[in-house]
Amino acid sequence: MDWKSIIGTVAPTIATALGGPMAGAAVKFLGSQFLGDEGAGEDKVAEFVRGASPETLLQIKQADQEFAVKMEKLGVDVFKIEAKDKQN
């Protein structure tokens, strides 16, 4: 299964960010939260997600809520950005 599909199942806000211009921020967030390395590239994050246990997937789901709150505090509506990106 594709790692982005896994994320889409458990973390819809992060998955939405990964599908648009906020992809870098989403990868940075996942790398920071789960690998302790905000500079971790997409390959490292993908490898981590593909090997994630059910418990880790639950933690990713919880992190999705934290990501949504962080984006909201920054005034970023990930879903609106994705919609505008798709329109173009």
Side-chain angles (χ1 to χ4, degrees):
M1 180 177 238
D2 177 57
W3 76 278
K4 290 182 181 178
S5 296
I6 296 168
I7 292 292
T9 301
V10 298
T13 305
I14 294 172
T16 300
L18 286 169
M22 297 292 299
V27 169
K28 182 177 179 178
F29 177 79
L30 289 170
S32 175
Q33 291 291 308
F34 295 99
L35 302 174
D37 179 8
E38 68 179 38
E42 187 173 319
D43 291 342
K44 284 186 180 181
V45 172
E47 183 180 335
F48 166 76
V49 171
R50 282 193 289 268
S53 68
E55 292 81 17
T56 301
L57 293 175
L58 179 59
Q59 290 174 341
I60 293 171
K61 182 178 185 79
Q62 293 166 340
D64 186 63
Q65 296 167 349
E66 182 180 333
F67 182 76
V69 168
K70 283 186 175 188
M71 292 297 104
E72 186 177 326
K73 285 181 180 177
L74 293 171
V76 176
D77 185 334
V78 174
F79 296 100
K80 191 179 286 186
I81 290 172
E82 186 212 16
K84 283 184 181 181
D85 188 50
K86 285 187 178 182
Q87 287 176 348
N88 293 330

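Everything quoted here is computed from the prediction, not taken from an experiment.
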Do Phe29 and Leu35 belong together in a cluster built from hydrophobic side chains that touch within less than 4.5 Å? yes
Between the main-chain N or O of Thr13 and the side-chain N or O of Asp64, is there a donor-acceptor pair closer than 3.5 Å? yes
Between CZ of Phe34 and OG1 of Thr56, what distance do you get to the nearest 0.5 Å? 7.5 Å
So how far is it from Gln59 CD to Ser53 OG, rounded to the nearest 0.5 Å? 7.0 Å
For Pro12, does its backbone N or O pair with a side-chain atom of Thr16 as donor and acceptor, under 3.5 Å? yes
The reported gap from CG in Leu57 to CD in Gln62 (rounded to nearest 0.5 angstrom) is 11.5 Å
Working note: Trp3 + Glu42, criterion side chain to side chain contact (heavy atoms under 4.5 Å, CB included); need CA distance, chi angles, decisive distance, verdict. CA-CA 10 Å; Trp3 76 278; Glu42 187 173 319; 3.4 Å; yes
Lys/Arg-Asp/Glu bridge criterion (N-O < 4.0 Å) met for Glu66, Lys61: no
Could you give the distance from CD (Glu38) to CD (Gln33), rounded to the nearest 0.5 Å? 10.5 Å
Measure the CG-CZ distance between Leu30 and Phe48 for me, rounded to the nearest 0.5 Å. 8.0 Å
Heavy-atom closest pair (Gly8 atom, Ala15 atom, distance to 0.1 Å) is CA-CB, 3.4 Å
Ignoring hydrogens, what is the shortest heavy-atom contact between Ala40 and Gly31? Give both atom names and the distance. CB-CA, 4.2 Å
If you measure from CD1 on Ile60 to CD1 on Ile7, what distance do you get to the nearest 0.5 Å? 4.5 Å
